[in-house]
Amino acid sequence: MAGGKIKKQKQKSGGNHFQGGIPFHKSKGQHILKNPNLIETIVQKSGIKPTDVILEIGPGTGNLTKKLLESGKKVVAVELDSRMVLELKRRFQGTPLSNRLEVIQGDVLKCELPYFDICVANIPYQISSPLVFKLLDVNRRQNFRCAIIMFQREFAMRLVAQPGDKLYCRLSVNTQLLARVNHLLKVGKNNFRPPPKVDSSVVRIEPRRPLPIPAGKLKEWNGMLSLCFSRKNKTLGSIFAQKKVVQALEKNFKTLESVGQFKNDNEDEDTTVSIDISDLADETVDKIVFFDQNGDEVMEVDGGKADDDEMEVEGSDDEAADDSSFKAKLVGVLKKYDYADKRSSKLTQNEFIHLLSIFNQAGIHFTSTK
């Protein structure tokens, strides 16, 4: 898929590359697609309909934009760099395509997303995680069909990773809870100007409707996942036997008992909560955070390093005895359903959903009421 060999030239611009007199800055994630065959392939795989309004993020000088304009009804391009905005408008000014292009100058992570049917984009890689979860936010997401996005290859492989894969992580589980994710094609670094240091991949993201769990359970789901993936290669039995985890969950349990039990899951069907995109995307956990039913943080315990293989339960025998009853309750739930010896790195999405369900049935929740 890569283009022909390009002779390397030293540039006085500190490594910047040019197109139409505009320097591209690697530090800003400006890597412009230059291979027309690759652009054609991406558009074909996108399945664009003639009636589609297409959202493009980071269009640059418009190489992909041109093909999108030829394929759909309208392109709404969101671009942060004012130089690129001017170049984009200049490129299509006076052409039959100009009245089908709308350019929005701004930060896509901060602006309100316009209406669109499909998103097709070669994005700055540093916005990958927050952009994915902004698109999939259950409160604010558009009723779009799918997104076809170019990511750094390792990030893309995390999105599509399956249980047991080396790159399977909390990002994988959370993305796949909210969307169906498929890898479309690998893209070599020489397809870009300037070439990035790593290869890329194009991924298709299709929002799930309905979600596998009620939207009102997403905060609790994330609380449980952050705990499970704090040490994804340890057994769940050892994770939930940690002293600080037992104490935090027991305190949560007693708080709920004092104010009355949570509503039944069925009562939460129409409840929506705001998703913190950094919570959902971050796969390195320093703290395990518990939330109240409004989504506010109410307590936290140390999560530790994600690659720890062994850890002993801390505290004296007397301290351990204080929480032994609730510890037995936690581990008992895991043993009853054969989860105690399983590891998060190998659990499927359905198993995580079931795990949350059986904890809730036992009165164990990962949210709390003040």
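These numbers come from the heavy atoms of this one structure, side chains and all, not from hydrogens, waters or symmetry mates.
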Expected output: side-chain [X] to main-chain [Y] donor-acceptor under 3.5 Å:
X	Y	result
Asn63	Leu33	yes
Lys234	Ile239	no
Lys346	Gly164	no
Asn360	Ile364	yes
Glu79	Gly60	yes
Glu220	Lys217	no
Arg204	Asn182	no
Tyr339	Val333	no
Gln176	Leu159	yes

field: Criterion salt bridge (charged side-chain N to carboxylate O under 4.0 Å, His left out) on Lys66 and Glu70, from CA distance to verdict
entry: CA-CA 6 Å; Lys66 183 175 184 295; Glu70 293 170 350; 2.7 Å; yes

Spatial distance of atom [atom1] ([X]) from atom [atom2] ([Y]) [nearest 0.5 Å]:
X	Y	atom1	atom2	answer
Tyr125	Ile127	OH	CD1	11.5 Å
Gln105	Leu88	CD	CG	11.5 Å
Gln247	Asn252	CD	CG	13.5 Å
Glu102	Lys74	CD	NZ	4.0 Å
Arg170	Ser344	CZ	OG	11.0 Å
Ile213	Ile353	CD1	CD1	6.5 Å

- request: Decide yes or no on side-chain hydrogen bond (donor to acceptor under 3.5 Å, both in side chains) for Arg158 and Ser172, but give the supporting numbers first.
  value: CA-CA 6 Å; Arg158 289 180 185 274; Ser172 315; over 6 Å; no

Do [X] and [Y] have side chains that get closer than 4.5 Å, going by heavy atoms?
X	Y	answer
Leu211	Leu218	yes
Arg100	Phe92	no
Leu69	Thr65	yes
Val120	Val75	no
Ile148	Lys45	no
Ile205	Phe144	no
Thr175	Val160	no
Ser201	Arg153	yes

Check [X] against [Y] and note the closest heavy-atom contact, atom names and distance.
X	Y	answer
Gly72	Ile54	CA-CD1, 4.0 Å
Pro207	Cys146	CD-CA, 4.3 Å
Glu250	Phe326	N-CE2, 3.3 Å
Arg343	Asn233	NE-O, 2.6 Å
Asp199	Lys189	OD1-N, 3.1 Å
Ala215	Val138	CB-CG2, 4.4 Å

task: Could you check Phe366 against Leu249 for side-chain contact (heavy atoms from CB on, under 4.5 Å), going step by step and ending with a plain yes or no?
output: CA-CA 7 Å; Phe366 299 85; Leu249 286 175; 3.9 Å; yes

field: Within 6.0 angstrom of Asp165 CG, more than 12 heavy atoms from elsewhere
entry: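 Enclosed: over 12 neighbouring heavy atoms sit under 6.0 Å from CG of Asp165.
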
task: Report the C-alpha separation of Leu225 and Leu356 in whole Å, then their side-chain angles, then the decisive distance to 0.1 Å, and conclude whether the side-chain contact (heavy atoms from CB on, under 4.5 Å) test is met.
output: CA-CA 9 Å; Leu225 272 196; Leu356 179 60; over 6 Å; no

query: With ring centroids as reference points, do Phe359 and Phe240 lie under 6.0 angstrom apart?
result: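 That pair passes the under 6.0 Å test.
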
task: May I have the step-by-step check of side-chain contact (heavy atoms from CB on, under 4.5 Å) for Leu355 and Cys228, ending in yes or no?
output: CA-CA 10 Å; Leu355 186 62; Cys228 291; 4.1 Å; yes

task: Tell me yes or no: between the side chains of Glu87 and Thr61, is some donor less than 3.5 Å from an acceptor?
output: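 The criterion, which ignores hydrogens and geometry beyond distance, is not satisfied for Thr61 and Glu87.
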
message: For a quick check under 3.5 Å, do Asp117 and Tyr115 share a side-chain donor-acceptor pair by atom type?
response: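 Judged by distance alone, the side chains do pair up.
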
Co-membership, hydrophobic cluster, residues [X] and [Y], 4.5 Å side-chain:
X	Y	value
Val181	Leu347	yes
Phe155	Leu109	yes
Val103	Leu86	no
Met150	Leu185	yes
Val132	Leu80	no

message: Given Val78, which partner from the list Asp107, Val85, Val108 fulfils the side-chain contact (heavy atoms from CB on, under 4.5 Å) test?
response: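 Result for side-chain contact (heavy atoms from CB on, under 4.5 Å) with Val78: Val108.
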
- request: Quick one: sort the Phe352 and Phe229 rings into parallel, tilted or perpendicular, breaks at 30° and 60°.
  value: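 Aromatic pair Phe352/Phe229 classed tilted.
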
